[in-house]
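Numbering of residues begins at 1 and proceeds along the displayed sequence.
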Amino acid sequence: MKRFETKIRVQYYETDKMGIVHHSNYVRYLETARTELFRDKGYAYDDMEKSGIWMPVLSVSVDFKTPAVYDEVLILACWVKKLRGASIELEYEIRGEESGKVHVTASSSHGFTTPELKPIRLKREAPGLYEMLKSQEEE
């Protein structure tokens with residue numbers, strides 16, 4: 001699998017009274033991993049949207065393993081699980097940089113649409129983006 005990785009540091013406001021990352025923040029971390037993957041490959045979200053390609057979320061699943069804590073550096077990994085004509089499935093792993101402990105495994109699926117949310121075939125509408133994502137697909 002072709003993993004893309006980026007790092008973030010847990011901020012105080014992302015934690016609860018126990019100093020543990022509140023579960024709602026993991027979905028934000030997934031978005032960070034996903035947008036950085038696309039940016040790294042030359043397809044920033046804002047450029048995609050300007051060209052008329054949107055990626056609405058269809059589903060998100062998060063499995064919590066161990067808690068992440070305030071000030072911990074996290075490694076956010078993201079990879080393409082399956083690319084379909086008008087949708088994509090991504091998988092994620094969030095782990096502590098220092099400890100190596102896996103905090104979360106997750107998946108998300110997204111459609112490819114127009115700004116009016118009409119599904120589009122990515123291969124026809126954006127062949128370069130399609131080929132880049134196909135080259136990143138899990139084997």
Side-chain angles (χ1 to χ4, degrees):
M1 99 187 60
K2 298 177 182 177
R3 287 179 173 224
F4 170 79
E5 293 185 348
T6 191
K7 295 178 186 179
I8 62 166
R9 182 178 298 275
V10 174
Q11 301 300 306
Y12 185 77
Y13 65 85
E14 297 170 324
T15 63
D16 59 20
K17 190 173 183 177
M18 298 176 288
I20 294 172
V21 171
H22 189 271
H23 65 276
S24 64
N25 287 298
Y26 288 102
V27 174
R28 291 177 183 208
Y29 297 164
L30 303 182
E31 184 171 1
T32 297
R34 183 172 62 252
T35 57
E36 291 303 318
L37 164 67
F38 276 75
R39 179 177 286 114
D40 182 71
K41 303 302 179 197
Y43 292 91
Y45 264 35
D46 57 342
D47 293 336
M48 289 172 38
E49 288 178 350
K50 287 175 189 169
S51 72
I53 299 170
W54 285 23
M55 281 184 55
V57 175
L58 302 175
S59 68
V60 176
S61 175
V62 180
D63 293 317
F64 301 97
K65 309 294 185 186
T66 61
V69 297
Y70 169 66
D71 207 37
E72 183 176 9
V73 175
L74 303 178
I75 297 173
L76 313 178
C78 178
W79 60 95
V80 177
K81 168 100 173 140
K82 181 74 177 163
L83 179 63
R84 294 189 173 89
S87 66
I88 189 170
E89 292 177 34
L90 299 161
E91 291 197 342
Y92 309 83
E93 180 184 83
I94 300 174
R95 68 182 185 281
E97 180 182 48
E98 190 174 311
S99 70
K101 288 182 182 177
V102 174
H103 297 306
V104 160
T105 57
S107 62
S108 67
S109 63
H110 307 263
F112 295 109
T113 73
T114 66
E116 296 76 34
L117 301 179
K118 179 183 174 197
I120 60 171
R121 290 245 175 247
L122 193 63
K123 189 173 187 176
R124 182 179 26 201
E125 299 295 325
L129 175 57
Y130 178 86
E131 289 304 322
M132 180 280 290
L133 291 170
K134 197 70 177 163
S135 75
Q136 297 300 305
E137 193 172 25
E138 182 177 64
E139 295 156 1

Engineer: Name the residue from Q136, R34, K82, M55 that meets the side chain to side chain contact (heavy atoms under 4.5 Å, CB included) definition with I88.
Structural biologist: M55
Engineer: Between the main-chain N or O of S135 and the side-chain N or O of K2, is there a donor-acceptor pair closer than 3.5 Å?
Structural biologist: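 It does hold such a pair.
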Engineer: With side-chain contact (heavy atoms from CB on, under 4.5 Å) as the test, would you mind laying out the steps for V10 and D71 before giving the verdict?
Structural biologist: CA-CA 5 Å; V10 174; D71 207 37; over 6 Å; no
Engineer: Using salt bridge (Lys or Arg N to Asp or Glu O under 4.0 Å) as the criterion, point out the one residue from E72, E98, E97 that pairs with K7.
Structural biologist: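 With K7 as partner, E72, E98, E97 yield a single salt bridge (Lys or Arg N to Asp or Glu O under 4.0 Å), made by E97.
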Engineer: Taking a hydrophobic cluster as the set of Ile, Leu, Val, Met, Phe, Trp and Tyr residues connected by side-chain heavy atoms closer than 4.5 Å, whether directly or through intermediates, do Y70 and L74 fall within one such cluster?
Structural biologist: no
Engineer: Are V27 and V57 joined in one hydrophobic group, where the rule is that I, L, V, M, F, W and Y side chains link up if heavy atoms are under 4.5 Å apart?
Structural biologist: yes
Engineer: Search all heavy atoms of L58 against all heavy atoms of S87 and return the closest pair with its distance.
Structural biologist: CD1-CB, 4.5 Å
Engineer: Under the ring pair (Phe, Tyr, Trp, His ring centres under 6.0 Å) rule, collect the residues that match up with F38, sequence neighbours excluded.
Structural biologist: Y45
Engineer: For the residue pair E14 and N25, what are the closest heavy atoms and their distance?
Structural biologist: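 In terms of heavy atoms, the two residues are closest at O-ND2, 2.9 Å.
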Engineer: Kindly compute the distance separating OG1 (T6) from CG (D40), expressed to the nearest 0.5 Å.
Structural biologist: 8.5 Å
Engineer: Would you mind checking if K134 and E137 are paired as a salt bridge, meaning a charged N to carboxylate O distance below 4.0 Å?
Structural biologist: yes
Engineer: Rounded to the nearest 0.5 Å, what separates atom CG in L37 from atom CG in L76?
Structural biologist: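 Result: 11.5 Å between the selected atoms.
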Engineer: May I have the step-by-step check of salt bridge (Lys or Arg N to Asp or Glu O under 4.0 Å) for E5 and R95, ending in yes or no?
Structural biologist: CA-CA 11 Å; E5 293 185 348; R95 68 182 185 281; 3.0 Å; yes
Engineer: In plain terms, say whether E36 and R39 are close enough for a salt bridge, that is, a side-chain N and a carboxylate O under 4.0 Å apart.
Structural biologist: yes
Engineer: Using every non-hydrogen atom in the two residues, find where H22 and S24 come nearest and quote the distance to one decimal.
Structural biologist: ND1-OG, 2.8 Å
Engineer: Distance check, rounded to the nearest 0.5 Å: H110 atom NE2 versus E89 atom CD?
Structural biologist: 10.0 Å
Engineer: Roughly how far apart are E31 CD and Y92 OH, rounded to 0.5 Å?
Structural biologist: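 E31 CD to Y92 OH: 9.0 Å, rounded to 0.5 Å.
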Engineer: What's the spacing between L129 CG and K41 NZ if we round to 0.5 Å?
Structural biologist: 12.5 Å
Engineer: Go through the steps for L83 and Y130 under the test side-chain contact (heavy atoms from CB on, under 4.5 Å), then give the verdict.
Structural biologist: CA-CA 8 Å; L83 179 63; Y130 178 86; 3.5 Å; yes
Engineer: Which heavy atom of E93 sits nearest to which heavy atom of W79, and what is that distance?
Structural biologist: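 Closest approach of E93 to W79: N-CZ3, 3.9 Å.
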Engineer: Ignoring hydrogens and geometry, is there a side-chain-to-backbone donor-acceptor pair from T114 to G52 under 3.5 Å?
Structural biologist: no
Engineer: Would you check if the side chain of Q11 reaches a backbone N or O of R9 as a donor-acceptor pair within less than 3.5 Å?
Structural biologist: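 The answer is yes, because a donor-acceptor pair under 3.5 Å joins these two groups.
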Engineer: Walk me through it: do Y29 and V62 pass the test side-chain contact (heavy atoms from CB on, under 4.5 Å)?
Structural biologist: CA-CA 11 Å; Y29 297 164; V62 180; over 6 Å; no
Engineer: Roughly how far apart are I75 CD1 and I94 CD1, rounded to 0.5 Å?
Structural biologist: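 Separation between the atoms: 11.5 Å.
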Engineer: Are the side chain of Y26 and the backbone of H103 linked by a donor-acceptor contact shorter than 3.5 Å?
Structural biologist: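 Not a single qualifying donor-acceptor pair exists.
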Engineer: Verify the cluster assignment for W54 and V80: are they in a single hydrophobic cluster under the rule of side-chain heavy atoms below 4.5 Å apart?
Structural biologist: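 No, no single cluster joins them.
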Engineer: Go through it in stages, so that I can follow the logic: the residues are L90 and L30, the test is side-chain contact (heavy atoms from CB on, under 4.5 Å), and I'd like the CA-CA distance, side-chain angles, deciding distance and then a yes or no.
Structural biologist: CA-CA 10 Å; L90 299 161; L30 303 182; over 6 Å; no
